[in-house]
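All residue numbers in this chain count up from 1 along the given sequence. When a ligand or atom number is given, it counts from 1 through the structure's own listing order.
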Amino acid sequence: MAEQQEGTGAGGGEGPRHVAIIMDGNGRWAQARGRPRLFGHHAGAKRVREIVEACPDLGVKYLTIFAFSTENWKRTQKEVAGLMSLFRRYIQKEAEDLFRRGVRVRFIGDRVRLEPKLVDLMDELELLTAGNDRVHLTIALNYGGRDEVARAARRMAQDVEAGRLKARDVNEETLPRYLDTCVLPDPDLVIRTSGEARISNFLLWQSAYAEYEFIDTLWPDFTAEVFARVVARYGRRERRFGAVLGE
Ligand code: FPP
């Protein structure tokens with residue numbers, strides 16, 4: 001771990017520094033047009049570019065998006081294969097552009113179950129953009145919050161067994177260093193599109209004090225304007241982190 005975890009972002013009048021998004025509704029968007037679900041995922045992928053591009057003007061330094069969950073393997077083989085192919089093509093097609101636009105890309109989630117060709121592309125993109133700092137885009141792929149905490153706990157147990165960590169030092173400060181997100185600040189705002197009010201195993205540990213926005217817009221309709229409106233609402237909220245204001 002080269003970098004230290006940074007503190008929770010601003011709040012209380014300022015915009016969110018880290019926004020996390022559950023991009024939901026691609027299937028319904030396609031269905032409404034009488035098209036296959038993958039058509040919706042392709043439309044959703046196009047939206048990602050616009051939202052990443054909107055971040056700097058909105059003061060959003062970190063954007064984390066939920067692309068594929070540990071539960072998504074339960075979808076039909078055709079949809080899973082289509083999504084994996086979409087991720088491969090997205091990385092190949094967007095890599096150069098992401099690099100030029102100063103985006104640093106990271107992936108979180110368990111790579112073990114992903115096909116080697118995709119993992120290679122993910123590694124290459126992380127390496128290519130490692131020197132960038134304009135926007136930090138984190139893509140959650142085969143990600144589940146419980147799975148992430150369980151993997152972290154396993155690695156901590158291994159470190160305890162090997163004498164590198166003392167059991168009494170397992171606490172709220174040390175555990176996050178073992179999470180996939182160890183170099184990222186906690187999200188300030190979590191947005192879920194498509195009208196579902198669930199967090200679906202996304203950033204469970206990290207979102208303990210996040211604000212949530214559940215909005216009706218389906219992900220392929222989530223424009224930069226909608227994003228700007230949701231971010232502006234955040235600025236009007238007060239975050240107390242469990243404390244009493246004014247003390
Ligand atoms: C949820 O919609 C969306 C997904 C499971 C996939 C998210 C993927 C993308 C937006 C594609 C591109 C992402 C990248 C990083 C290239 P859903 O299928 O659950 O929609 P539904 O609830 O309407 O069925």
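Of the polar atoms of N72, none of the N or O atoms is found under 3.5 Å from an N or O of ligand 1, judged by distance alone. Residue contacts with ligand 1: R37 is placed with a nitrogen or oxygen under 3.5 Å of a nitrogen or oxygen of the ligand (distance criterion only). At a 3.5 angstrom cut-off on N or O pairs, G27 counts as close to ligand 1. Annotation: W219 places no N or O atom under 3.5 Å from an N or O atom of ligand 1; distance criterion only.
Evaluated for a side chain to side chain donor-acceptor pair (under 3.5 Å) with H136, the options R106, K61, H18 yield exactly one hit, R106.
Note on I139: it clusters hydrophobically with L83, by side-chain heavy-atom contacts below 4.5 Å among ILVMFWY residues.
Judged by the shortest distance from any of its heavy atoms, G25 lies inside the 4.0 Å radius around the atoms of ligand 1. Residue contact check for ligand 1: Q31 places no non-hydrogen atom closer than 4.0 Å to it.
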Distance-only check: which donor-acceptor pairs under 3.5 Å involve side-chain atoms of residues 114-124, not counting sequence neighbours?
residue : atom : partner : partner atom : Å
E115    : OE2  : R88     : NH1          : 2.2
D123    : OD1  : R111    : NH1          : 2.7

R47 vs E50, test: salt bridge (charged side-chain N to carboxylate O under 4.0 Å, His left out). Steps then yes/no.
CA-CA 5 Å; R47 234 8 128 191; E50 181 180 336; 2.5 Å; yes
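For ligand 1, the atoms closer than 4.0 angstrom to any heavy atom of Y90 are 16 (C).
The closest side-chain donor-acceptor pair between N142 and W73 falls under 3.5 angstrom.
In this comparison of R75, R88, K93, R89, the heavy atom closest to atom 19 (O) of ligand 1 sits on R75. Between atom 22 (O) of ligand 1 and the options M23, R28, R49, the minimum heavy-atom separation is to R28.
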